[in-house]
Amino acid sequence: MTPARNSAVGERPAAKKTKAVKTKKTPEGAAVGAAEPRAAESRTALVRRARRINRELAEVYHYAHPELDFENPFQLLVATVLSAQTTDLRVNQTTPALFAAYPTPEDMAAADPETLEQLIRPTGFFRAKTKSLIGLSAALRDRFGGEVPGRLQDLVTLPGVGRKTANVVLGNAFGVPGITVDTHFGRLVRRWKWTDAQDAEKVEADVCALFPKSEWTMLSHRVIFHGRRVCHARRPACGACPIAPLCPSFGEGETDPEKAKKLLKYEMGGRPGQRLKPPPDYPGEPAPPLGAE
Ligand code: SF4
């Protein structure tokens, strides 16, 4: 399946109709419609609806993938620390020079802080991030033999590394399933009533309980893709949203299909995503220019 050039978020099979929702389609194929008023949802119904959303997202974002460029666990760890408060595209534009200057934890641990600050300056908060990068590199050198550990309990002991960063590294560099609760993920799963928690750790636990482990990493990518492209913080594009029939928050954003279409966003580095150096098995295909239909 290839991303469609004339659809809201990508060509996909028709959304499956369910008894619980009324579905109508826009000419572009996006399913649009409000869920019927819900009685209190049983646990079983919640699990079913959550898994249905995941399946729909898997069809829409069949090309979902980590959007940070990396070639090894150390690079992914560094890139993820840098990605705080900035876009993955900005990080991908910054890391080639950084990794050329400091290819290993030993090199980065010995970096001159001012030189490193200048290299990562475009990502913002560069003083704090420099401290984290030098600190975590020294910890890798001194405590982990210069290797990134593959266990959550070890990763979170590194300076500047919390559960979110640790789960990104585990899921994408080690194949250990993990849920990544970033700002998009938390917002969307609360809109979907998968949880009402604000605390990231509680959100992670609530969402983990709805899915088998094998889904955790890809679910995180799909939800984040949807948050970046359709279900925005301020004006979600409800009228162009392919999972509107399954969403209890339909109507929180623009419901008019034409107006909603104009709200869709793609953040690209030349492909449907933000990677500048995609790996050979990269799942995406060239995307239309930003804002094109
Ligand atoms: S709030 Fe709107 S854009 Fe977000 S998932 Fe629900 S229907 Fe889609």
Side-chain angles (χ1 to χ4, degrees), residues 3-4 6-41 45-64 179-198 203-204 206-207 210-211 215 218-267 272-273 290-291 293:
N6 64 348
S7 73
V9 284
E11 187 178 314
R12 55 190 284 277
K16 296 168 194 71
K17 291 186 180 177
T18 69
K19 284 183 195 157
V21 296
K22 279 180 180 166
T23 305
K24 80 185 170 183
K25 302 279 176 58
T26 66
E28 293 75 35
V32 175
E36 286 179 347
R38 285 166 198 276
E41 193 173 36
L46 169 63
V47 170
R48 282 206 189 114
R49 185 171 59 84
R51 293 185 181 187
R52 209 171 284 148
I53 288 177
N54 182 38
R55 286 197 297 275
E56 292 288 337
L57 293 178
E59 290 181 4
V60 177
Y61 304 110
H62 54 93
Y63 51 85
I179 294 270
T180 306
V181 183
D182 73 352
T183 174
H184 299 291
F185 193 95
R187 179 178 75 250
L188 269 63
V189 298
R190 280 188 290 275
R191 281 179 176 164
W192 297 336
K193 312 293 183 211
W194 292 3
T195 180
D196 55 12
Q198 294 290 333
V203 170
E204 186 187 327
D206 287 349
V207 176
L210 296 171
F211 293 92
E215 285 298 310
M218 284 312 294
L219 171 73
S220 301
H221 291 316
R222 292 169 194 141
V223 173
I224 292 169
F225 264 56
H226 194 59
R228 286 176 171 161
R229 288 153 178 78
V230 180
C231 190
H232 311 124
R234 290 210 188 120
R235 286 185 77 196
C238 296
C241 176
I243 56 163
L246 298 164
C247 177
S249 296
F250 174 84
E252 201 167 302
E254 178 59 63
T255 55
D256 178 86
E258 283 311 310
K259 288 184 187 160
K261 241 172 103 178
K262 296 196 172 91
L263 298 173
L264 300 174
K265 281 187 198 153
Y266 290 81
E267 304 130 300
L290 196 60
E293 296 198 339

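For ligands, and for the atoms within them, numbers begin at 1 and follow the listed sequence. Numbers here are sequence positions counted from 1.
In this structure, the side-chain contact (heavy atoms from CB on, under 4.5 Å) partners of Asp182, at least two apart in sequence or on a different chain, are Lys164, His184, Phe185, Ile224. The side-chain contact (heavy atoms from CB on, under 4.5 Å) check on Ala233 picks up Arg187, with sequence neighbours excluded.
Taking the six-membered ring where the residue is Trp, Tyr61 and Phe225 present perpendicular rings, their angle passing 60° and hence far from 30°.
With rounding to the nearest 0.5 Å, the separation of CD in Glu59 from CZ in Arg222 is 10.0 Å.
Any protein N/O/S atom under 2.8 Å from atom 4 (Fe) of ligand 1 was counted, giving 1 altogether.
Within the structure, side chain to side chain donor-acceptor pair (under 3.5 Å) pairs that include any residue of residues 233-254 comprise Arg191-Glu252, Arg235-Glu254 (at least two apart or interchain).
With ligand atoms numbered from 1 in the order given, ligand 1 contributes 5 (S) to contacts under 4.0 Å with heavy atoms of Trp192.
For Arg228 (side chain) and Lys265 (main-chain N/O), no donor-acceptor pair under 3.5 Å exists by modelled atom type.
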